[in-house]
Amino acid sequence: MIGVVDSGSGGLSVLKEITRLLPGEKYIYYSDNAYCPYGEKSQDFIMERMRTVSEYLMGEGADIIVVACNTATSAAIAGLRGLYADPSSEECRERVLKATGGRRDHVKFIGMEPAVKPAALGTKTGIIGVLATVGTLKGSKYLTSKGNVEDNVTVVEHVGRGFVELVEAGRLDGPEVETTVEKSLRPLLDAGSDIIVLGCTHYPFLLSVMERVAGPGVRFIDPAPAVARHLVDVMVQEGLISGAETDPALQQKKPDARLVASGEDSTLKNLFNMIYVRG
């Protein structure tokens, strides 16, 4: 079983890409929406939530966990791997054996990767935009990625103010949504960005609005497909691929996914149905 966790419903955009590659797997998705958004919360707080949720997912049968949240990846992925992913550590083995009821002695974690490099390689203006949360823009993973390309391109950043809240409320279009999107996109567009990296898994749900605001000359990059491909590679290495996903008929079916939320779950279920029932 594959566990997926996000601060809210945004990680469904990652789940969608994963199930395209692995439609035959079983999933459990955890929305920590009682504490959403994570963007401006402390690293210690996010780490503690990720520990709690990860052990819950292990106890429910997850053999590998995708942290489908850029902010949580920045704040907690290294700590989670240190606690649960190292089978050479006796403490890690004991911790995971207890959490999984003896089923596994380690659990791998897949995080979100900032898509700065592909944006830098694809830009024609030499200016790329990054739209993300405060936590992601301050995180070491993003800062390292940014530092690796800054000699060749100009990186312009902005926080998607109100984006997460709109998605969690199930408001994906309309005049107020367009106004909110315009305010955060405009600085990136005015700076000359021709490619904009989406640094939060909630943001793809507002992509149609962003494309309308930006116009035809701007491309958006969602890192979720690359994360899904990396998950497959790690599952092969770990011997976790079931083989059922090779059946083409499974591509047409709703995935076997259990949805769990720490808060109210109606938006989570509505977005899931929007993705898998209405397409």
Side-chain angles (χ1 to χ4, degrees), residues 6-21 37 39 68-71 112-134 136-137 142 145-146 149 153-229 267-268 270-279:
D6 179 40
S7 63
S9 303
L12 291 175
S13 65
V14 182
L15 180 66
K16 179 181 179 181
E17 298 300 328
I18 295 171
T19 57
R20 283 178 176 171
L21 300 183
C69 174
N70 297 74
T71 302
M112 300 302 297
E113 293 293 331
V116 175
K117 183 177 179 179
L121 293 173
T123 181
K124 295 179 180 178
T125 64
I127 303 170
I128 64 173
V130 178
L131 196 63
T133 66
V134 171
T136 296
L137 293 176
Y142 168 70
S145 298
K146 176 185 174 182
V149 303
V153 301
T154 299
V155 181
V156 185
E157 305 163 344
H158 205 275
V159 174
R161 297 286 182 192
F163 285 28
V164 172
E165 290 84 351
L166 286 172
V167 174
E168 288 301 309
R171 300 169 63 189
L172 308 183
D173 207 339
E176 185 179 346
V177 175
E178 188 162 322
T179 298
T180 300
V181 167
E182 167 79 26
K183 287 180 180 178
S184 290
L185 272 188
R186 183 49 52 193
L188 304 181
L189 301 173
D190 288 348
S193 305
D194 63 337
I195 297 180
I196 295 176
V197 176
L198 301 182
C200 174
T201 56
H202 283 79
Y203 295 178
F205 285 102
L206 301 174
L207 181 58
S208 62
V209 180
M210 287 190 276
E211 289 176 334
R212 189 164 68 240
V213 169
V218 177
R219 181 161 64 95
F220 293 86
I221 295 183
D222 176 5
V227 171
R229 292 191 295 270
T267 297
L268 177 66
N270 289 339
L271 286 175
F272 181 83
N273 289 330
M274 181 186 76
I275 291 171
Y276 291 108
V277 176
R278 296 192 292 275

- prompt: side chain to side chain donor-acceptor pair (under 3.5 Å) with Glu211: which residues, sequence neighbours excluded?
  reply: none

task: Check whether more than 12 heavy atoms from other residues, nucleotides or ligands sit under 6.0 Å from atom CD of Glu165, and answer yes or no.
output: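 Result for CD/Glu165: enclosed.
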
field: Closest non-hydrogen atom pair between Leu188 and Ser184, with its separation
entry: CG-O, 4.2 Å

message: So which atom in Pro204 and which in Asp222 form the shortest heavy-atom distance, rounded to 0.1 Å?
response: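 Answer, listing the atom of Pro204 first, then Asp222: CG-OD2, 3.6 Å.
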
Side chains of [X] and [Y] in contact at under 4.5 Å (non-hydrogen atoms):
{"X": "His202", "Y": "Ser7", "result": "yes"}
{"X": "Asp6", "Y": "Leu15", "result": "no"}
{"X": "Asp173", "Y": "Arg212", "result": "yes"}

Distance in Å, [X] [atom1] paired with [Y] [atom2], rounded so as to fall on 0.5 Å steps:
{"X": "Leu166", "Y": "Tyr203", "atom1": "CG", "atom2": "OH", "answer": "10.5 Å"}
{"X": "Glu182", "Y": "Leu189", "atom1": "CD", "atom2": "CG", "answer": "7.5 Å"}
{"X": "Ile196", "Y": "Ile127", "atom1": "CD1", "atom2": "CD1", "answer": "11.5 Å"}
{"X": "Leu12", "Y": "Glu17", "atom1": "CG", "atom2": "CD", "answer": "12.0 Å"}

- prompt: Considering residues at least two apart in sequence or located in another chain, which fulfil the ring pair (Phe, Tyr, Trp, His ring centres under 6.0 Å) criterion with Phe272?
  reply: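 Phe272 satisfies ring pair (Phe, Tyr, Trp, His ring centres under 6.0 Å) with Tyr276 once adjacent residues are dropped.
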
Return a table of donor-acceptor pairs under 3.5 angstrom between the side chains of residues 153-164 and protein atoms on other chains or two or more places apart.
unit_1 : atom_1 : unit_2 : atom_2 : d
Glu157 : OE2    : Tyr142 : OH     : 2.6
Glu157 : OE2    : Lys146 : NZ     : 2.9
Arg161 : NH1    : Glu40  : OE2    : 2.8

task: Please confirm whether the backbone N or O of Lys16 pairs with a side-chain atom of Thr19, one donor and one acceptor, at under 3.5 Å?
output: yes

- prompt: Would you say Thr179's side chain and Pro175's backbone share a donor-acceptor pair under 3.5 angstrom?
  reply: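 A pair under 3.5 Å: yes.
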
- prompt: Would you say the side-chain atoms of Ser9 and Thr267 include a donor-acceptor pair closer than 3.5 Å?
  reply: no

